[in-house]
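Presented below is the structure to which this report refers.
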Number of protein chains: 2
Amino acid sequence: MMDEAAAQQAFRSALVIEGAESLAAIEAEVRAFAAPLGYDRFVLFSASATQDEVVERIYWVEGDWFGDGESVDAETYVRRCPVTRHILEAREPFFWTKTIAKEGDLYKIVRHPRGQGVHGLQIPVFGRLGLEGAMSLGGERIDASQRARLALGLIATMAFFSARRLLEAAVEAVGPLSDREREVLAWTAAGRRQVEIAATLGLSERTVENHLRRIRKRLGVATTAQAIRVAIRNGEIAG
Amino acid sequence: MMDEAAAQQAFRSALVIEGAESLAAIEAEVRAFAAPLGYDRFVLFSASATQDEVVERIYWVEGDWFGDGESVDAETYVRRCPVTRHILEAREPFFWTKTIAKEGDLYKIVRHPRGQGVHGLQIPVFGRLGLEGAMSLGGERIDASQRARLALGLIATMAFFSARRLLEAAVEAVGPLSDREREVLAWTAAGRRQVEIAATLGLSERTVENHLRRIRKRLGVATTAQAIRVAIRNGEIAG
DNA sequence: CTTTCGTTGAGGGAAATCCCTCATTTCGCC
DNA sequence: GGCGAAATGAGGGATTTCCCTCAACGAAAG
């Protein structure tokens, strides 16, 4: 059970993670903090609520998630795990339990995991565009206290943003849209009007309008509404 | 400066706030936790990047935010404060400083507030729909350490969700769309204009327009472009 | 050093959307 | 039978978006 020192350690770890300069450093810190609480399986990934594929990109996967002898790879496992899909409806971190039944694995969202099997904590990470990522931690004898939930929530959120900062920086500029265009479109998808976006970004209405026209042209669509869908499909903006 | 006991207290307070049954209880807990850190001014409100008004509803305002003798009410103050608007661009909690210059108050976003004037910490709160609220804390001699930032971030996030739970009883009833509405929206997402959809479905332009308005209302969004994203997110239409 | 590209901004006008209210019909339900 | 919700449609006006062209500036690329 988390004590005073652990509470202090949570903030210390969060700061270390925030300033981390490599994914390995993040992993090490998370591992070190979570191990005493009984967690020894980790998954960290970016996500979006876009239809089928919840999981966008997996940053880190570690530990014995599948029962031994399973032949599925980590990626497939994460993507099809029902617990992963549940973050679509989740508004906050939640515990889950996997029990092995005769018909196969049975996953359940629970308030207080106990008993046999693998238990875990799934932490959705929200940002300006809604669901942006998540972290899942698991183990067989975990600290499932409310305090652990809060502390791991803090750690996981920091880990996600920090990992994304490190990993997505190099990969940026993939799509045909420029940064500015993506920004304008993201705000449009968020429901803001041209004049509002202009105010927010410190531009003239004209410029925002010009950006949007350019966006439509680039995406080869007729209307802005369609541009939203195409952009989401292409991963240009978050779903 | 936050010590071990304070770290422990942060989690304890967060849990108290999570389980609070009245706004007063939340306020008391936040006050109690923040006071030792030098914070004695508070604002808690729901916000949205999808409306013209950033601030939607103010849950709690307390403390001497304006210099004495000011005649503006709290609401007006919060709504027009430049720091408040900055949460639109923020991705994480940030410190700010208000210095009193001859030409009026000068607000600045800073990393380490110091010196004369009122300092504060603004904490944006994100949820499934992106920016959903924020909390601002201020004082004249505040603990602006990184650890305090994390702890107050935790407290503020919890305070917001808890306050909203109490005050916005049956909000967020994102009702499902009717078949016809879904059909109209699907065509819209496909890039068709209202008049084209009317022709395709054998309706009048008016009806298509009325359907779209109803859709926006149901999804609780401001523009059709936003409706596309929200509908995709909810699985109403294909992404 | 020239060209390209991204970003910014504008004029002028056409087209489309959005907003309010009101009304009719159909359909399932108690 | 009456009641509410969905679907349909309209009037009339206010906003907003969209389209075309033109132009300047800086940075990066050739």
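When the nucleotides C:dT8, D:dC18, D:dA7 are ranked by their closest atom to the side chain of B:S178, D:dA7 comes out on top. Counting only heavy atoms from C-beta on, A:R216 has its side chain closest to D:dC18 among D:dG9, D:dA7, D:dC18. Which of C:dT8, C:dA10, C:dC18 sits closest to the side chain of B:Q194 comes down to C:dC18.
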Reading nucleotides 20-29 of chain C from 5' to 3' and marking B where a protein heavy atom lies under 4.0 Å of the base, S where only the sugar-phosphate is that close, and - otherwise, the string is BB--------
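With a 4.5 Å cut-off on side-chain heavy atoms, A:L185 and A:L177 count as touching.
A distance-only check finds a donor-acceptor pair linking the side chain of B:R165 to the backbone of B:E18 [under 3.5 Å]. Judged by distance alone, with hydrogens and angles left aside, the side-chain atoms of A:S136 form no donor-acceptor pair with the main-chain N or O of A:V43 at under 3.5 Å. A donor-acceptor pair is defined here as one N or O able to donate and one able to accept, closer than 3.5 Å; no such pair exists between the side chain of B:Q226 and the backbone of A:A189.
When the C1' atom of C:dT8 is taken as reference, atom CD1 of A:I197 falls 16 Å away, rounded to whole Å. Per the geometry, CG belonging to B:L212 stands 17 Å off P belonging to D:dT16, to the nearest Å. Taking atom CG on A:D179 and atom C1' on C:dC5, their separation rounds to 13 Å, with Å as the unit. One interatomic measurement links the two molecules: NE2 of B:H211 to P of D:dA10, which rounds to 13 Å at whole-angstrom precision. Atom CD in B:E205 sits about 13 Å away from atom C1' in C:dC18, given to the nearest Å. Atom pair A:R193:CZ and D:dT15:P shows a separation of 12 Å (rounding to whole Å applied). In this structure, the CD atom of B:Q226 is 13 Å from the P atom of D:dT17, given to the nearest Å. Note: CZ (A:R180) to P (D:dA27) measures 16 Å, nearest angstrom.
When each of B:R218, B:R213, B:R216 is paired with B:E181, the salt bridge (Lys or Arg N to Asp or Glu O under 4.0 Å) condition holds for B:R218 and for no other. Tested against B:W60 for a ring-ring contact (aromatic ring centres under 6.0 Å, His included), the candidates B:F160, B:F42, B:F45 yield a single pass: B:F42.
The side chain of B:T223 places no N or O atom within less than 4.0 Å of a non-bridging phosphate oxygen (OP1 or OP2) of C:dC18. OP1 and OP2 of C:dT8 both lie 4.0 Å or more from every side-chain N or O belonging to A:T207.
Ion pairing between a basic and an acidic side chain is recognised when a charged N comes within 4.0 Å of a carboxylate O; A:R12 and A:E29 show no such pairing.
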